[in-house]
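Presented below is the structure to which this report refers.
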Amino acid sequence: MYNKILVPIDGSDASMDALMLAAELVSGDAPTLELLHVPEHAPTGEELGHWSGTPGAVDDRGIEQAALDLLDRAAGAVADRGIRVNSNVLWAPPARAIVDHAAELDVDAIVMGSRGLSDLKGLFLGSVSHRVLHTAGCRVILIR
Amino acid sequence: MLDTCSRIIVPMDGTDASMRAATLASELGSATGLPVDLIHVHGIHHGEATGMASSSRENLEAAGRDAGSRAFGDFADEVGSDHCHVLWGEAADEILLYAQRNGPALIVMGRGRESTLSRLVMGSVSDAVLRRAEGPVTVVS
């Protein structure tokens, strides 16, 4: 049903869950996952450590490289499944970046966590996912 | 997420959004081998129930079953009648209770984006489930 799925990756558990779900859902002749990271702020050592297991300080110059590393690790989590994985980093307001990127790539669906790292823990639906849910031109699947 | 679940639960209300949720759940069920349960929560405030205040329990249950059949659509045949359940009460409460009793489960819900009253109500149900569920929840637009 879904040949190409966009998965925004921010390093949160929810985005990892979304990635694994997207890997289950994507199918067809050339199943493709489009990973996208939108740096919203300089990632903290804790956030990066969440993925790498080794918290470390990152300065501004390292943000893009940290983003690429994050996407590499995400891609590695769905390797060997016969799925093509493309990665992109975009600097823009997150919701708009996600929605525009989805339209540009003509994806069948966006699969994302309902609450990302930038959202308050108490919110049941994060501001980014809420905006994407209501503005994307394609199917949106939120994971909590 | 899915590897911790023993089943997938799809609350259905007859809307296109809930049909999309059932389609997604069906795909996930096929991919993972997890059974899919369809549930329809028949609100006690429904017109047919209040209009049937003096009806027998059997009539009320029949009305609920009919509403369930309409809500489940063709998916009822796909999952089998043992996996189709009509519940009575407040939607979010019943969905969460069912998940609690039959879990660990992934709840897959639809959510419309139109601003009609029913969509808003369904939206509020999915919001409540997202907020209160103990296990994973997936919402499909």
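Every chain is numbered from 1 and lettered A, B, ... according to where its sequence line falls, protein lines coming before strand lines.
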Spatial distance of atom CD (A/Glu24) from atom OG (B/Ser30) [nearest 0.5 Å]: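 That separation rounds to 11.0 Å.
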Rounded to the nearest 0.5 Å, what's the gap from CG on A/Asp17 to CG on B/Leu106? Could you check?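 If we round to the nearest 0.5 Å, A/Asp17:CG and B/Leu106:CG are 10.0 Å apart.
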Is it the backbone or the side chain of A/Met20 that comes under 4.5 Å from a heavy atom of chain B, or both, or neither?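 Contact with chain B involves no heavy atom of A/Met20 at all.
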Are there over 12 heavy-atom neighbours, none belonging to [X], within less than 6.0 Å of that residue's [atom1]?
X	atom1	value
A/Arg84	CZ	no
B/Arg7	CZ	yes
B/Glu134	CD	no

Specify the closest pair of heavy atoms between [X] and [Y], including all atoms of both residues, with the distance to one decimal.
X	Y	answer
A/Cys138	B/Ser141	O-OG, 4.2 Å
B/Leu130	A/Ser114	CD2-OG, 4.3 Å
B/Arg111	A/Leu133	NE-CD2, 3.2 Å

Using heavy-atom distances under 4.5 Å, tell me whether B/Ala133 contacts chain A through its side chain, its backbone, both, or neither.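 Both backbone and side chain of B/Ala133 come within 4.5 Å of chain A.
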Are B/Met109 and B/Leu97 connected in the hydrophobic side-chain network, where two residues link if heavy atoms are under 4.5 Å apart?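 No: no chain of side-chain contacts under 4.5 Å links B/Met109 to B/Leu97.
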Taking A/Arg144 for the side chain and B/Gly135 for the main chain, is one N or O donor matched with an acceptor at less than 3.5 Å?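 Yes; at least one donor-acceptor contact below 3.5 Å.
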Output, in order, the C-alpha distance, side-chain angles, deciding distance and verdict of side chain to side chain contact (heavy atoms under 4.5 Å, CB included) for B/Val139 and A/Ile141. CA-CA 6 Å; B/Val139 175; A/Ile141 298 168; over 6 Å; no
Are B/Thr138 and A/Leu142 close enough, and set up right, to give a side chain to side chain contact (heavy atoms under 4.5 Å, CB included), and what steps lead you there? CA-CA 5 Å; B/Thr138 292; A/Leu142 298 182; over 6 Å; no
So B/Leu28 and A/Leu21, do their side chains get closer than 4.5 Å, heavy atoms only?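 They are in side-chain contact.
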